[in-house]
Protein chains: 2
Amino acid sequence: MSSARRAHAAVKVTVDLAILTVREGRLQVLLIERGNEPFRGRAALPGGFLRDGEDLDAAARRELREETGLDGSALHLAQLGAFGAPGRDPRGRVVTIAYLAIAPHLPVPVPGSDASGARWEPVEASLADPDRLAFDHGDILRTAVDRARRELEYTTLATVFCGETFTMGELREIYEVVWGVPLDPRNFSRKVKKTEGFVIPSGEQRVQETGRPATLYRRGPATTLYPPMLRGADQGGEPVGAVSPAR
Amino acid sequence: MSSARRAHAAVKVTVDLAILTVREGRLQVLLIERGNEPFRGRAALPGGFLRDGEDLDAAARRELREETGLDGSALHLAQLGAFGAPGRDPRGRVVTIAYLAIAPHLPVPVPGSDASGARWEPVEASLADPDRLAFDHGDILRTAVDRARRELEYTTLATVFCGETFTMGELREIYEVVWGVPLDPRNFSRKVKKTEGFVIPSGEQRVQETGRPATLYRRGPATTLYPPMLRGADQGGEPVGAVSPAR
DNA sequence: ACAAAAGTGTTGAATCTACACCCATGC
DNA sequence: GCATGGGTGTAGATTCAACACTTTTGT
């Protein structure tokens with residue numbers, strides 16, 4: 001217990017974004033290099049302070065646009081939760097609202113970026129060293145990846161990793177990369193097609209470098225998957241965000 | 001777009017709790033009657049301001065204790081997310097971090113309560129009128145109930161609704177009440193027992209008012225359920241907290 | 001022809017659902 | 001005995017996992 005105990009702590013609120021994509025066969029996250037103190041020169045998730053009169057979701061979309069040039073209305077954007085440990089920001093008491101954004105396989109590093117250097121990096125690299133990212137961004141990223149993995153099971157989230165149209169193989173690659181397990185192409189295809197509203201055939205085909213041309217699909221109207229896509233047992237992890245032992 | 005647009009909005013942070021239990025065959029939420037403005041006399045979720053140097057989770061546990069007399073370490077407590085729409089609190093800019101707490105079937109209203117009147121109320125009643133609860137607490141409660149329903153499927157959350165020991169019938173009642181669907185007692189029992197680590201027999205029995213005595217169980221070590229408990233198709237709802245159309 | 005990727009069919013194992021049936025208690 | 005809830009057995013439908021096999025392209 002610290003001694004300071006005035007009620008109504010003076011708090012600043014930031015919004016931070018874990019923007020994930022699948023590139024080069026790996027799950028990658030968009031990082032910026034911090035141009036200012038604290039943590040100057042360190043890699044960090046893009047984000048910034050909440051403005052007066054601004055909604056949280058709007059702030060997330062604005063930061064997305066300012067720092068990456070991406071259009072928030074086209075991306076999946078969902079709140080992950082609040083991170084507010086007292087010592088997480090050396091400037092003072094700062095609570096951040098973390099967001100998970102999913103980007104389709106994008107051109108490259110990112111156009112119109114505000115920050116010194118924005119780049120994609122494989123999440124394993126970012127998570128390998130707990131102090132690789134500024135603040136508690138390692139924790140946030142871990143939460144984001146967990147969430148993305150989980151949501152692939154029960155929702156159609158995987159389709160937003162893909163472009164406007166995509167092949168069954170591309171969609172399957174999303175699952176394989178995010179989950180880190182190989183899936184049977186035959187059974188995968190069958191299951192996706194059988195799940196009502198998951199994907200709809202666009203009527204066109206795409207010629208591959210090799211092999212038979214693949215049917216192109218686009219997102220269907222469904223958001224939740226029933227039955228869910230399975231990735232086998234275990235997976236561990238707390239029930240989503242449990243705080244107390246509760247056991 | 002509002003005109004005020006200084007960066008670094010001055011914000012206060014509160015913590016609000018949606019405390020759920022199953023009582024009298026219904027899913028109920030703990031409400032207090034507000035003793036101060038704004039919304040004086042209106043029903044609201046318990047909560048209060050974050051203090052200096054205090055962790056978010058610690059604040060949630062403190063409010064739980066202060067306002068309800070419950071011991072946070074014994075309850076399931078998990079963050080739901082942040083709610084921060086600009087107009088949600090007439091006192092100014094207040095972002096709240098909402099928590100979901102699950103309480104076992106408790107004695108009654110609640111001992112040692114701080115607030116004028118704390119009471120349990122069926123969630124349908126609280127949600128029937130969008131303005132029944134103060135602030136945006138209706139939204140928060142809806143999110144909490146959705147989350148609880150979802151977590152019953154994939155986690156052992158149901159056991160924390162029960163006391164230290166419980167019968168299969170009591171555990172089943174949790175599912176039936178929270179989901180609002182009847183379940184087959186025979187299949188339910190079999191499935192729970194087959195899921196490793198969900199429950200463990202305590203070796204004792206409880207004599208009922210009527211019928212054969214029931215075996216008493218206590219929580220097992222598992223936190224996630226595989227395979228999950230199923231409640232049939234649909235359910236609808238956005239993919240958990242999607243913000244943008246993303247479609 | 002051959003490699004490579006897209007797809008279809010099939011089969012055995014596991015699971016879900018529904019329900020018949022037995023067990024143990026209070027009245 | 002009989003009502004009531006706890007609990008086991010079992011059969012048919014559905015789903016899953018694994019893999020043989022066919023289709024369609026580029027080289």
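Every chain is numbered from 1 and lettered A, B, ... according to where its sequence line falls, protein lines coming before strand lines. The analysis underlying the following values was restricted to heavy atoms, covering all of them including side chains, and did not include hydrogens, waters or symmetry mates. As the structure is a prediction and not an experimental result, all values here were calculated from the model.
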Hey, is the main chain of A:Val15 close enough, under 3.5 Å, to the side chain of A:Tyr99 for a donor-acceptor pair? no
For A:Gln79 and B:Ala82, indicate whether the former's side chain and the latter's backbone hold a donor-acceptor pair under 3.5 Å.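 Such a contact is found between A:Gln79 side chain and B:Ala82 backbone.
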Do any N or O atoms of the protein come closer than 3.5 Å to N or O atoms of nucleotides 12-16 of chain D, and which pairs are they?
{"from": "D:dC16", "atom 1": "OP1", "to": "A:Lys191", "atom 2": "NZ", "distance (Å)": "2.8"}

Counting primed atoms, P, OP1 and OP2 as sugar-phosphate and everything else as base, the B/S/- map of nucleotides 20-27 of chain D against protein heavy atoms under 4.0 Å is BB-BBBS-
Sequence neighbours left out, what passes side chain to side chain contact (heavy atoms under 4.5 Å, CB included) with [X]? Give chain and number order.
{"X": "A:Tyr154", "value": "A:Arg150, A:Pro228, B:Tyr154"}
{"X": "B:Glu170", "value": "B:Phe166, B:Thr167, B:Arg206"}
{"X": "B:Ala98", "value": "B:Leu80, B:Phe83, B:Ile140"}

Shortest non-hydrogen contact from [X] toward [Y]:
{"X": "A:Ala60", "Y": "A:Leu17", "result": "O-CD1, 3.7 Å"}
{"X": "B:Arg212", "Y": "B:Gln208", "result": "O-CG, 3.8 Å"}
{"X": "B:Phe198", "Y": "B:Leu171", "result": "CZ-CD2, 4.4 Å"}
{"X": "B:Gly47", "Y": "B:Asp16", "result": "CA-OD1, 3.5 Å"}

Sub-4.5 Å side-chain heavy-atom contact between A:Leu45 and A:Val29: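 Contact flag for A:Leu45/A:Val29 side chains = yes.
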Please list residues of residues 166-178 of chain B whose heavy atoms come under 4.0 Å from any atom in DNA chain D, ordered by number; otherwise none. B:Met168, B:Gly169, B:Arg172
Provide, to the nearest angstrom, the distance between the CZ atom belonging to B:Phe188 and the C1' atom belonging to C:dC19. 19 Å
C:dG7 phosphate, OP1 or OP2, under 4.0 Å from A:Thr215 side-chain N/O: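 For C:dG7, OP1 or OP2 has a side-chain N or O of A:Thr215 closer than 4.0 Å.
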